[in-house]
Each structure stands twice: as C-alpha cells, then as structure tokens.
Amino acid sequence: MEVEEMKPEVSSRLKISDDVIIAIAKLAALDVKGVAGLGGEIGKMSKLRRNGPIKISMMGDVAAIDMKIVIKSGEKAVNVAQEVQTVVKENVQNMTGVPVARVNVIVSGVVFE
C-alpha cells in the first residue's frame, strides 16, 4: 500500500499598503485641472494617513478614500470635485487592483492667483 504525501495548499495574498494608495490618489488629484493642491499639511506618508488630507478606510478588500482639496479661483467646485472622484477611483483601481467603493472629496479652500 502506497502512502500519498499530503502537501498543504499554499495560498498567496497580495497586500497593497495604504501609503501606496495615498500616493496614487495624491498624484491623480493633483493632475486634475482646477486643483491647486491638497488641503492640510503634507509631510511624511505616515503622517498623511493619520491627520493629512487623504485617509484610506479598508472594508475587507475594498477601499474608501476621503480627501481634502484646494481649488483654483474661477473653477466650479462641483465639477472639479467630481473629476477628482472619477480620476482617483480609476487610477487606484487600475494601478493596484484594489476596488474603490467611494471617493469622498471635501473642498477645503480656494487659492486666488
């Protein structure tokens, strides 16, 4: 009688750091026409996560992103915010494979040039 060797199944898992999602969201938002910058202090990436302009909440494997932006004067805040929502969601999903449930955008200021 032969005895088969039982090998445990190896399951691999990919974890994307919140800092990576924050970096992608930041670059995507700053690339939108009408965005002057992010609201709040920007320092080290770990600071961004705790009290900065971008916060990531993971619900299982799905991300929810909250971010504060500053818009340029003369731009329609609603249009800029909607464009930021779309661009950030698409970029994060395409670059990381992490599904994004929502992107909440808060317009925290206006820059007059």
Side-chain angles (χ1 to χ4, degrees):
M1 181 171 165
E2 282 185 43
V3 177
E4 283 188 40
E5 194 174 314
M6 299 276 296
K7 293 182 182 178
E9 283 190 32
V10 178
S11 64
S12 59
R13 182 178 164 103
L14 176 64
K15 171 77 170 121
I16 303 292
S17 168
D18 288 357
D19 291 340
V20 171
I21 296 172
I22 288 169
I24 294 168
K26 173 186 169 186
L27 293 173
L30 292 175
D31 200 35
V32 172
K33 180 184 178 290
V35 174
L38 299 178
E41 284 294 313
I42 302 174
K44 291 182 179 178
M45 293 306 270
S46 60
K47 283 187 178 177
L48 279 176
R49 193 179 331 160
R50 288 190 199 100
N51 55 4
I54 303 173
K55 294 184 178 112
I56 308 296
S57 303
M58 295 299 291
M59 300 168 290
D61 291 338
V62 180
I65 302 171
D66 296 306
M67 61 189 321
K68 297 177 186 174
I69 62 169
V70 177
I71 62 168
K72 296 177 182 174
S73 65
E75 298 289 338
K76 291 190 176 192
V78 172
N79 294 346
V80 174
Q82 287 174 338
E83 181 68 17
V84 168
Q85 287 176 316
T86 302
V87 170
V88 168
K89 182 175 182 175
E90 287 175 358
N91 276 274
V92 169
Q93 290 183 152
N94 290 339
M95 295 178 81
T96 65
V98 174
V100 177
R102 65 179 181 270
V103 178
N104 297 320
V105 177
I106 299 165
V107 178
S108 64
V110 179
V111 171
F112 297 95
E113 299 175 306

Which pair of non-hydrogen atoms, one from A101 and one from M59, has the smallest distance, and what is that distance? CB-CE, 4.1 Å
Please give me the minimum heavy-atom distance between S108 and G39, naming the atom from each residue. OG-CA, 3.4 Å
Distance-minimising heavy-atom pair for V32 and V80: CG1-O, 4.3 Å
Not counting sequence neighbours, which residues clear side chain to side chain contact (heavy atoms under 4.5 Å, CB included) with S57? List them please. A64
Same cluster for I69 and V110 if Ile/Leu/Val/Met/Phe/Trp/Tyr side chains link at under 4.5 Å? yes
Residues which pass side chain to side chain contact (heavy atoms under 4.5 Å, CB included) with L30, listed by chain and number, not counting sequence neighbours: K26, V35, L38
Please report the interatomic distance CD1(I54) to NZ(K68), rounded to the nearest 0.5 Å. 11.5 Å
At their closest point, which heavy atom of A29 faces which heavy atom of V84, and how far apart are they? CB-CG1, 4.0 Å
Partners meeting side-chain hydrogen bond (donor to acceptor under 3.5 Å, both in side chains) with N104 (sequence neighbours left out): D66
Please name all residues satisfying salt bridge (charged side-chain N to carboxylate O under 4.0 Å, His left out) with E75, sequence neighbours left out, ordered by chain then number. K33
Tell me, do V87 and D31 make a side-chain contact under 4.5 Å, heavy atoms counted? no
Value for CE (M67) from CD1 (I106), rounded to nearest 0.5 Å, stands at 10.5 Å
Let me check something: do M58 and I22 share a hydrophobic cluster, defined by ILVMFWY side-chain heavy atoms less than 4.5 Å apart, either directly or through other members? yes
Just wondering, are more than 12 heavy atoms of other shown residues or ligands nearer than 6.0 Å to CG in N79? yes
Scan for side-chain hydrogen bond (donor to acceptor under 3.5 Å, both in side chains) pairs involving residues 81-98, sequence neighbours excluded, and state none if there are none. none
Smallest heavy-atom separation, K15 atom then D18 atom, equals NZ-OD1, 4.5 Å
Residue pair I56 / A63: nearest heavy atoms and the distance that separates them: CG2-CB, 4.5 Å
Using a 4.5 Å cut-off between side-chain heavy atoms of Ile, Leu, Val, Met, Phe, Trp and Tyr, which other residues end up in the same hydrophobic cluster as V70? V111
